[in-house]
Colleague: 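One structure, pasted below without further comment.
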Amino acid sequence: MKRMMSTPFPGSSMGRQWPDGRRFCLLALFLAVVLAFLPASALAGRSFKDQMDVSIILKSNWDHGYPESNVRDVGSYVVHVSGQVKLAEKEGDFLRYVAKNLNASYQLEGRGIMMNPDDKCYGKTISKMEASGSVPVTGDGFFLDVKLGELGTFALLQCQGKITPQAVQNLEKMPPSDNYSAMLLVPVKITYRSTSGNGCELTNVKTGEGGFSLSIGFRELKPWGMSGSYEWGGEGGALALGVMDCPGNVRYQPEAGDGSPHYHVSWVFGEAKPIVRIYWKGKDITDTESEETIVGKRVKLKARVFPAGYGRPTGKWEIGGKIVSGWEADEKHAETKPFRDYDKPEIEFFWIDGTFGGEPKKVKYAGKVNGKEIEAKATIQVFKPKIKSEKAVPAKMVTVGGMINKEGQVPQCHLYPGNVNIGTWPPVASPPGMYISHEIEMPPTDEQPPHLLQYVQLVKEDVLENLNGEYWRRFNSEWCHDERYPYGGKRTAFKIAMDDTPGSDLGQLTKELHEQNKFRTYLMFIPSSNPSDKNALWVPLRLVEWEWAAGVKKGKDLPLDAPCSKETYRPLYEVPPIVKNKKSAPAHPEWSCNIKDNKRMKIGVEGYNEKQWNKLKAEREHF
């Protein structure tokens, strides 16, 4: 008849009675009758040897105090069990392995330190426990139970607390669950030292029986074999450790918490085939397609090799789509940091492309560990906001007229696109040279992150000016940022707008002026309410390219205080703002200069190179 076993866990009565196997509830007895008539087929797809190698590691360290006793307790231990176990029982879908040639080496040290400053032993060790050595693990010191097929399914339901008569009746219709459980006990002798009388010396010495133990209450039989690795913190120290993972719902003994003790357990039973899995946000996403993120959100992926103990893999990542490591920007400098860490098992990056409905991005890690090939794949859906509305409205005219300067004090004669009313300060744009606005719609993701929008504007300007017979030029060949970053100093959510009225002053000495401006205006998005969030990145959504140009020449024999008008400054040519392109931004904007730092320079020697002036002027007139 097929065997059904209770699921152990440290500290529970079930765990203490588990090796016995004689106390069952009525439901379990009913199950035994049912399983007696089910075929034992689960072993067919797996090969279990008569004996297998075993490696188990237990570690802990702690440092905590007891206020009521003014004692700080510090210590650590490490236990390594290795050797072989043998198959002692095989019945249908049930197998049991017991110790054959197992040995445990261990080292334990704990100290109690007096922390009461009024005590004469303050700062000294007032108690100590020690244990070290090597002992064989025999008899009931170890066993490993493997449960396959429907027997394994019953063990899973038991672990999840879902055993019901209806579940038992439908057992054969449920997917089989191959799993295993194990128990380890390492008996040791521990030496205890403490103070006696009124002194602070550790003169009181005793020896007692103790032991380390590990209970694996439930663990799925993974494709790479029987192995596991867990770490957790908790309150208080303990030599008895336990893990129950059924599945994904991990419970620990001692219970996990925020305390200083740190526990680590890992094991490998039998020959484990090394495999690699892709982890994101603390979970295994290998071979999944349901994970999702949004452009500009930091992504951290980790290639983890199983079983634990194989070491770090040597391989490379393949990441679909456009990714970067970062983008840094201020008024004078912006630089994209390309992603280069393809050969690291742990990586961080940002996707900058995706779609409103989610674009599947393939990720893959492939390489070797200890000379053996490994590979893992996953798919992550990357979402991106869509443009709900977009306006780029250029002015239809070029004006020679008054323009109050930046200080808002002195009306200036100005050449500019648009037609600005100077009757008040600040001037009322009616219209400005260029008006741009955008409204976005956030994608339909399960998690709706906060966000911000901003504009970045780059400019190339070329201004030629004849100042009373001297030739000057203000020019930048590279794209520079247009004064304040972000452009206009504005950041909002969902909707944003900007306007720009570029141009140049026409001074009393200006005899002729030619201006040509080219602009790149980027709409930027960040999935955070904090524009400096280290886990989010500004991503370009849209790019509007536009330009304008104009040239004027002052009439002859006009007084210095001639009126600011096109009668005084006769237009040579006028090109009102033109929207050249509106498109998805192909990459992050970059710059290494700011337009406000452009200086007017003389053309030629002392500004009298008329040949060069005429050549440059001719190029502007054919803009």
Side-chain angles (χ1 to χ4, degrees), residues 276-286 288-304 312-313 315-330 333-365 376-386 440-454 456 485-486 491-494 522-542 584-590:
V276 65
R277 309 289 286 181
I278 298 175
Y279 273 72
W280 183 39
K281 299 180 180 179
K283 65 179 180 179
D284 185 352
I285 65 167
T286 310
T288 64
E289 297 184 357
S290 59
E291 300 301 319
E292 59 183 43
T293 189
I294 191 169
V295 292
K297 200 74 172 177
R298 185 182 295 275
V299 177
K300 299 180 181 181
L301 298 180
K302 182 177 182 179
R304 293 183 60 184
R312 288 169 65 88
K316 286 192 174 182
W317 290 93
E318 294 180 15
I319 310 294
K322 297 179 181 179
I323 62 173
V324 299
S325 288
W327 182 70
E328 295 180 351
D330 57 32
H333 177 266
E335 180 182 6
T336 303
K337 295 184 176 181
F339 179 77
R340 304 185 189 280
D341 298 333
Y342 289 98
D343 58 347
K344 295 183 178 180
E346 298 183 42
I347 58 174
E348 299 182 11
F349 62 89
F350 302 89
W351 264 298
I352 63 172
D353 67 330
T355 62
F356 184 74
E359 182 177 359
K361 304 291 188 182
K362 303 291 185 181
V363 299
K364 173 183 174 181
Y365 185 86
K377 299 178 181 179
T379 301
I380 299 176
Q381 306 292 329
V382 182
F383 291 82
K384 185 178 182 179
K386 73 176 180 181
I440 69 165
E441 182 177 344
M442 291 294 286
T445 56
D446 292 337
E447 179 183 352
Q448 289 287 311
H451 71 276
L452 291 172
L453 301 174
Q454 69 178 23
V456 164
Y485 170 79
R491 292 186 174 116
T492 61
F494 292 106
Y522 291 82
L523 172 67
M524 309 290 291
F525 163 86
I526 189 172
S528 175
S529 57
N530 177 7
S532 302
D533 191 340
K534 298 299 182 183
N535 290 311
L537 183 77
W538 285 103
V539 173
L541 296 183
R542 294 289 287 176
S584 294
H588 278 87
E590 294 184 307

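The model shown is predicted, which means the values in this text are computed figures rather than measured ones.
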Colleague: For the pair His588 (side chain) and Trp538 (backbone), establish whether a donor and an acceptor sit closer than 3.5 Å, ignoring hydrogens and angles.
Modeller: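 Checking the backbone N and O of Trp538 against the side chain of His588, a donor-acceptor pair under 3.5 Å is found.
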
Colleague: When you measure from the side chain of Thr293 to the backbone N and O of Val382, does any donor-acceptor pair fall under 3.5 Å?
Modeller: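 Between the backbone of Val382 and the side chain of Thr293 there is no qualifying donor-acceptor contact (under 3.5 Å).
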
Colleague: Which heavy atom of Ile278 sits nearest to which heavy atom of Thr286, and what is that distance?
Modeller: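 For Ile278 versus Thr286, the nearest heavy atoms are N-OG1, 2.8 Å.
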
Colleague: Are the charged groups of Lys281 and Glu291 less than 4.0 angstrom apart, N to O?
Modeller: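 Looking at Lys281 and Glu291, the cut-off is not met.
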
Colleague: Using a strict 4.0 Å threshold on nitrogen-to-oxygen distance, state whether Glu346 and Lys300 make a salt bridge.
Modeller: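 So Glu346 does not pair with Lys300 through a salt bridge.
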
Colleague: Is it the case that Lys384 and Thr355 place a side-chain donor and acceptor less than 3.5 Å from each other?
Modeller: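 Note: Lys384 and Thr355 side chains miss the donor-acceptor criterion.
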
Colleague: Which residues satisfy the ring-ring contact (aromatic ring centres under 6.0 Å, His included) test with Phe356, sequence neighbours excluded?
Modeller: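 Phe356 satisfies ring-ring contact (aromatic ring centres under 6.0 Å, His included) with no residue once adjacent residues are dropped.
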
Colleague: Do Pro540 and Leu523 come close enough that some side-chain heavy atom pair is under 4.5 Å?
Modeller: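 Contact flag for Pro540/Leu523 side chains = no.
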
Colleague: Could you check, using the six-membered ring where one of them is a Trp, whether His451 and Phe494 have ring centers closer than 6.0 angstrom?
Modeller: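 Ring centroids of His451 and Phe494 are less than 6.0 Å from each other.
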
Colleague: Quick one: does any side-chain atom of Glu590 pair with a main-chain N or O of Thr336 as donor and acceptor, under 3.5 Å?
Modeller: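 Checked: pair present.
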
Colleague: Before you tell me yes or no, could you show the steps for Leu537 and Ile526 under side-chain contact (heavy atoms from CB on, under 4.5 Å), namely the whole-Å CA-CA distance, both residues' side-chain angles and the distance that decides it to 0.1 Å?
Modeller: CA-CA 6 Å; Leu537 183 77; Ile526 189 172; 5.8 Å; no

Colleague: Could you go through Ile380 and Ile285, starting from their C-alpha distance and side-chain angles, then the distance that decides it, and tell me whether this counts as side-chain contact (heavy atoms from CB on, under 4.5 Å)?
Modeller: CA-CA 9 Å; Ile380 299 176; Ile285 65 167; 4.0 Å; yes

Colleague: Between Glu348 and Arg298, is there a side-chain N and carboxylate O pair less than 4.0 Å apart?
Modeller: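 The answer is yes: the pair qualifies as a salt bridge.
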
Colleague: Scan side-chain atoms only and decide if Asn530 and Ser528 contain a donor-acceptor pair under the 3.5 Å cut-off.
Modeller: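 Side-chain D/A pair, Asn530 to Ser528: absent.
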
Colleague: Between Asp353 and Lys361, does the side-chain contact (heavy atoms from CB on, under 4.5 Å) criterion hold? Intermediate values first, please.
Modeller: CA-CA 10 Å; Asp353 67 330; Lys361 304 291 188 182; 2.9 Å; yes

Colleague: Are the side chains of Phe350 and Val295 in touch, meaning some heavy atoms are under 4.5 Å apart?
Modeller: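 Answer no - side chains too far apart.
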
Colleague: Any side-chain heavy atom of Tyr279 within less than 4.5 Å of one from Arg277?
Modeller: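 Yes, their side chains come closer than 4.5 Å.
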
Colleague: Hey, is Asp343 close enough to Lys316 for a salt bridge, meaning N to O under 4.0 Å?
Modeller: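 A salt bridge is absent here (no side-chain N lies under 4.0 Å from a carboxylate O).
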
Colleague: Please check this pair: side chain of Gln448 against backbone of Pro443, looking for a donor-acceptor N/O pair closer than 3.5 Å.
Modeller: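 Here the side-chain-to-backbone pair exists.
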
Colleague: Within the 4.5 Å heavy-atom criterion, are Tyr485 and Val456 side-chain neighbours or not?
Modeller: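 Answer yes - side chains close enough.
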
Colleague: Shortest non-hydrogen contact from Pro345 to Pro313?
Modeller: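 Looking at all heavy atoms of both residues, the closest pair is CB-CG, 4.1 Å.
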
Colleague: Which residues satisfy the ring-ring contact (aromatic ring centres under 6.0 Å, His included) test with Phe349, sequence neighbours excluded?
Modeller: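 Phe349 satisfies ring-ring contact (aromatic ring centres under 6.0 Å, His included) with Phe339, Trp351 once adjacent residues are dropped.
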
Colleague: Tell me if a side-chain donor or acceptor on Asp330 pairs with a main-chain N or O of His333 at a distance below 3.5 Å.
Modeller: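 Yes; at least one donor-acceptor contact below 3.5 Å.
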
Colleague: Looking at side-chain heavy atoms only, is the closest gap between Ile323 and Ile352 below 4.5 Å?
Modeller: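 Answer no - side chains too far apart.
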
Colleague: Find out whether Glu328 and Lys337 are in side-chain contact, i.e. whether some heavy atom of one side chain is under 4.5 Å from a heavy atom of the other.
Modeller: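 When only atoms from C-beta onward are counted, Lys337 and Glu328 do touch, with a gap below 4.5 Å.
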
Colleague: Under 6.0 Å between ring centres, would you say that holds for Trp317 and Tyr365?
Modeller: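 Judged by ring-centre distance (under 6.0 Å), Trp317 and Tyr365 do meet the cut-off.
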
